[in-house]
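Reckoned from all heavy atoms, side chains included, excluding hydrogens, waters and symmetry mates. In what follows, every chain begins at residue 1, and chains take the letters A, B, ... in the order their sequences are listed.
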Amino acid sequence: MAASLQQEFCALRDTYIEKQFGRLNDMQRQAVFTTDGPLLILAGAGSGKTTVLVNRIANLIRFGSAHGSSWTPREVTEDDVKALKTAIMTGTDAPAWLDGMLRQNAVRSWNVMAITFTNKAAGELKERLRNMLGGEEGDEVFASTFHSACVRILRRWAESIGYPRSFTIYDTDDSQRVMKAVYKELSIDDKFFPIKSAINQMSRWKDQLVSPEEALRTPARDTKGAIAAKVYAAYEKKLREAGAFDFDDLIYQTVQLLAEHEDVREFYQNKYRYLLVDEYQDTSVAQFRLVSLLTGPEKNICVVGDDDQSIYRFRGATIENILNFERIFPGTKTIRLEQNYRSTSNILNAANCVIQHNTERKGKTLWTRNDEGDKVQVYTAENEQDEAMHIADVIGEHLKEGGHLADHAVLYRMNAQSAPIESYFTRAGIPHKIVGGQRFNDRKEVKDIHSYMSIVANARDDVRLRRIINEPARKIGNTTVDVITDLAAQQGISMLEVISHADAYAKLSRAMMPLLKFWQIYEKLQESLETRTLDEFAQDVIEVTGYKAMLEADAAKGHEDAADRLQNLGQLVNNVKNYCDQHGEEASLEGYLEDIALISDIDSYNESADQVVLMTIHSAKGLEFPYVFLIGMEEGVFPSEMSKYSEADLEEERRLAYVGITRAKRELYISNSVSRMLYGRTQRNEPSRFLREIEPEYIEETRSPALERRSSMGWGSGYSDTVPGGASGYSGAFGWGRNSSRFGGRTGGSYLNREYNASERGGFASGYAGRGSSASGLGSGSSAPRTSGSSGFGVGYGRPAAPKAASKPVSFPGSPAASRPASTGPKHYEVGDIVEHKVFGRGKVLAVKAAAGDQIVEINFEKVGVKKTMANFAPLTKITEE
DNA sequence: TTGTGATGGTAATGG
DNA sequence: ACCATCACAA
């Protein structure tokens with residue numbers, strides 16, 4: 001009797017718990033209910049990976065291993081069964097007195113550690129856990145990146161491995177400075193073996209847990225290898241003296257710490273009994289080792305990854321970690337999540353087409369129940385301006401239909417590609433945000449102030465001291481710095497210590513006054529740190545050091561960027577303030593410096609602002625957008641020139657393409673450009689092989705009207721007749737449709753190839769030069785408007801299946817670049833005019849200001865409110881009378 | 001020591 | 001095309 005009650009209760013308990021996770025699919029639920037032992041989740045793009053992670057943690061904390069168990073902590077009563085039945089029927093929570101019966105071996109939230117790839121992902125995880133579990137328990141889960149977790153561990157144990165508690169974290173710039181000093185000391189010529197290569201080699205060694213000693217012991221392949229080993233050892237010594245870790249050290253040294261100190265290892269294994277690692281495909285040997293060291297004897301290790309999305313091989317990620325997981329952790333349960341919830345089937349099929357061309361895969365095929373959606377739009381642009389304009393057109397159309405800017409993302413292979421888009425968007429007044437590239441914290445003035453701050457935190461840090469000792473200029477030149485360096489080395493003390501009694505050294509007599517002054521500044525800052533709040537301290541640094549005075553003097557002299565720099569420093573102080581607000585009592589100088597070292601651009605990307613976002617595909621990993629523009633799909637750009645000669649590199653590029661494609665939810669726009677200015681040279685690139693790999697049935701392609709016009713006007717003698725039907729043969733012009741010879745296929749006789757030849761022969765060069773040079777928007781071009789007008793594309797263009805953006809002739813004047821020669825002078829608008837803007841629609845002019853041969857027009861738009869645009873560049877049309 | 005002009009190298013992805 | 005670095009003059 002009691003036994004069957006027990007059975008009934010356990011079955012009900014399963015039902016109850018399953019209901020809690022009712023929104024998951026079978027595979028996802030399996031992953032959630034696999035609570036103990038090693039678990040490998042192979043999660044395809046958009047398969048609800050984060051959801052699974054969050055739910056799995058929630059299940060651990062709320063129910064532990066109760067699901068599937070046939071055991072209860074006490075005798076089951078009729079009341080128990082009844083209460084649980086009621087809870088299931090009514091969809092309410094079971095009464096609290098059942099908790100003991102439901103929460104079997106429930107895991108305490110602070111026993112769970114989740115490692116993610118970015119701080120942003122960690123933040124999202126925590127946010128969702130808070131929502132699911134409530135504030136307290138959610139917050140108690142330790143979720144962070146590898147690097148943050150390691151810093152946390154290292155802070156605690158630094159002294160046991162000979163580092164100061166307030167160690168500094170060096171960024172790439174610092175590393176290069178150190179390496180440069182090493183080269184100088186060892187008289188190594190960086191022309192023979194570039195510093196960057198040395199750092200790279202060293203970095204790979206650290207990723208693979210190769211110590212300087214091992215590197216030296218291992219016979220080098222060549223002279224360069226020998227040099228690398230030599231500088232590695234010297235570099236490491238310097239960092240240790242400075243009390244600094246670089247990014248790779250954070251992992252490497254933590255591994256050493258855990259490997260060599262059993263007590264420390266056991267401390268963490270006891271503390272974190274359940275480990276979850278996200279983006280496992282991007283972990284390095286060192287990171288794998290770290291995970292293994294943290295994993296206790298119970299082996300409660302769950303990793304989530306997708307071998308098809310491994311895109312960080314170049315920085316030491318090893319796909320073997322995921323491929324060998326089952327072998328390294330015997331008894332691993334493997335679960336595949338292959339249902340995609342993100343994209344339309346056309347987009348997903350396109351992605352599958354591409355990734356299928358890789359050989360090194362675990363192999364899985366994503367599927368979806370989502371609609372087919374629109375076909376993937378492929379646009380061939382004439383040049384990068386044209387590409388930018390096309391994107392703006394599409395976005396404009398979407399906005400007219402009620403879409404939001406923030407639903408659009410422009411993704412590219414490398415940061416350099418953002419420039420033309422950014423500049424076009426700026427001129428057209430399209431709100432946008434670039435993620436990545438030159439980071440705020442990388443600006444010279446910001447780094448300088450941070451260097452001052454960090455030497456106050458860590459007086460041993462000679463590298464950063466050198467950076468600012470004469471910034472602003474205070475008569476401490478290279479000679480003096482070299483003398484100080486020697487003195488410090490002789491006595492085994494830091495440079496700052498030498499400076500603190502500069503008067504004791506005869507060699508420093510000449511520079512004594514400036515040095516003592518510098519020391520006074522330093523002491524003032526020390527005092528400021530002790531007596532004032534952190535943001536006041538930052539302000540003091542800017543002022544006491546004379547940095548502010550220097551910039552103000554520059555600004556007075558008419559230095560253009562000095563004002564910007566001052567503003568940046570103001571922003572820096574704001575950032576410190578924000579940091580203080582966020583961390584309250586916990587705020588510390590070390591903490592702040594740590595944040596700026598470890599927080600990346602993508603972490604602070606905030607999707608709530610209504611802006612188009614521009615970023616690299618790498619940055620976009622883990623994100624999704626309704627509308628995605630994947631630009632620069634050309635050989636030599638994507639895949640990059642450097643990857644073309646290695647099959648393994650190419651496969652990584654292809655995975656990157658796969659990541660890019662799978663970011664899109666509703667519509668994907670891929671573009672390539674016939675001509676592109678890159679690295680100061682105009683290149684003519686073939687469309688990317690990745691485009692060719694997509695089956696034609698998922699694609700719809702369009703060529704820039706500019707390219708069509710060229711062919712129909714008969715430039716480049718005698719080739720237009722090989723294009724079927726000229727402009728009217730548009731849909732087939734690409735050779736892409738039914739005949740599937742596609743992009744410049746192997747026949748070599750494709751339309752595109754011909755065009756390259758034609759242009760290289762200069763057949764239309766003269767007729768074309770105006771447009772080309774007016775690409776900057778300031779050229780002398782006398783070209784025809786490009787989107788409408790007498791050449792009649794308006795009509796020819798409107799084939800039924802054409803992409804939305806191109807489907808109707810657009811009523812505003814053409815691109816800022818192409819159709820507004822500077823010679824026409826500024827456009828004149830007046831307050832009160834009603835104008836039409838390509839992107840924002842209709843609005844009323846509020847104010848007009850003259851600026852450098854142009855006007856800044858402030859407009860109140862009906863739909864989007866007040867915006868400022870440049871009259872000469874913004875796609876504005878005056879509406880005569882409303 | 002500081003400021004300038006020329007030069008020449010460097011061009012991928014990032015914590 | 002851009003930047004950083006360097007040599008050199010002031």
Exercise. Considering only heavy atoms and no angle criterion, is a donor-acceptor pair shorter than 3.5 Å present between the side chain of A:D171 and the base of B:dG15?
Worked result: no
For this session: For A:A473 and for A:L598, find the nucleotide of DNA chain B with the closest heavy atom, then tell me which residue's nucleotide is more 5'.
Result: A:A473
For this session: Round to a whole Å and report the spacing from OH of A:Y412 to C1' of B:dT13.
Result: 12 Å
Problem set entry | Non-hydrogen side-chain atoms of A:S203 and A:F247 separated by less than 4.5 Å | no
For this session: Could you check whether A:S643 gets within reach of a base, just the sugar-phosphate, or nothing at all, counting any heavy atom under 4.0 Å?
Result: nothing
For this session: Give one of base, sugar-phosphate or nothing for A:T616, where a contact means two heavy atoms less than 4.0 Å apart.
Result: sugar-phosphate
Exercise. Which is true for A:Y312 with a 4.0 Å heavy-atom rule: it touches a base, it touches only sugar-phosphate, or it touches nothing?
Worked result: sugar-phosphate
Problem set entry | A:Y592-A:H450 aromatic ring centre distance below 6.0 Å | yes
Problem set entry | Phosphate-side-chain proximity, A:K196 and B:dA11, N/O vs OP1/OP2 below 4.0 Å | yes
Exercise. With a 4.0 Å cut-off on heavy atoms, is A:T145 in touch with a base, just the backbone sugar-phosphate, or nothing at all?
Worked result: nothing
For this session: Give the rounded distance in Å between these two atoms: CE of A:M414 and C1' of B:dT13.
Result: 10 Å
Problem set entry | Nucleotide of B:dT1, B:dG14, B:dA12 approaching A:E653 most closely (side-chain heavy atoms) | B:dA12
For this session: Measure from OH on A:Y170 to C1' on B:dG15 and round the result to the nearest Å.
Result: 18 Å
Problem set entry | Whether A:F314 stacks on the six-membered ring of B:dT13 base, 5.5 Å and 30° limits | yes
For this session: Let me know, please, whether A:A511 or A:A597 comes out on the 5' side of the other along DNA chain B by nearest nucleotide.
Result: A:A511
Exercise. Quick one: is B:dG15 close enough that its OP1 or OP2 comes under 4.0 Å of any side-chain N or O from A:T118?
Worked result: no
Problem set entry | For B:dG14, the Watson-Crick or wobble partner whose two distances fall under 3.5 Å | none
For this session: Check whether any side-chain nitrogen or oxygen of A:T480 sits under 4.0 Å from OP1 or OP2 of B:dT1, and answer yes or no.
Result: yes
Problem set entry | Test of ring centre spacing under 6.0 Å for A:Y312 and A:F117 | yes
Problem set entry | Nearest-Å distance for atom pair CD1/P, residues A:I199 and B:dT10 | 14 Å
Exercise. So, is A:N478 close to the B:dT2 phosphate, meaning a side-chain N or O under 4.0 Å from OP1 or OP2?
Worked result: no
For this session: Let me know the distance between CG of A:D207 and P of B:dG14, rounded to the nearest Å.
Result: 16 Å
For this session: May I ask you to evaluate whether A:N470 reaches the phosphate of B:dT2, defined as a side-chain N or O under 4.0 Å from OP1 or OP2?
Result: yes
Seminar exercise, completed: Mate of B:dG5 across any strand shown (Watson-Crick or G-U wobble, both atom pairs under 3.5 Å) is C:dC6
Problem set entry | B:dT13 versus C:dA4 - spacing of their P atoms, nearest Å | 16 Å
Seminar exercise, completed: Rounded to whole Å, the CZ-P distance (A:R313 to B:dA12) equals 17 Å
Seminar exercise, completed: In whole angstroms, the gap separating C1' of C:dC3 from CZ of A:R443 amounts to 15 Å
Exercise. Is the closest side-chain heavy-atom distance between A:L508 and A:V498 below 4.5 Å?
Worked result: yes
Exercise. How is A:N119 classified with respect to the nucleic acid when contacts are heavy atoms under 4.0 Å: base, sugar-phosphate, or nothing?
Worked result: nothing
Exercise. Side-chain N or O of A:T172 less than 4.0 angstrom from OP1 or OP2 on B:dG14?
Worked result: no
Exercise. Whole Å only: how far is the NE2 atom of A:H618 from the P atom of B:dA12?
Worked result: 13 Å
For this session: Among the candidates C:dA1, B:dG14, B:dT1, find the nucleotide nearest to the side-chain atoms of A:M677.
Result: C:dA1
For this session: Cation-pi check, A:K120 to A:Y605: give yes when NZ or CZ is under 6.0 Å from the six-membered ring centre and within 45° of the ring axis, no otherwise.
Result: no
Exercise. A:F167 ring centre to A:R155 NZ or CZ under 6.0 Å, with the angle to the axis within 45°?
Worked result: yes
Exercise. Under 4.0 angstrom, heavy atoms only, what part of the nucleic acid is A:Q417 near: base, sugar-phosphate, or nothing?
Worked result: nothing
Problem set entry | Charged tip of A:R655 within 45° of A:Y658 ring normal and under 6.0 Å | no
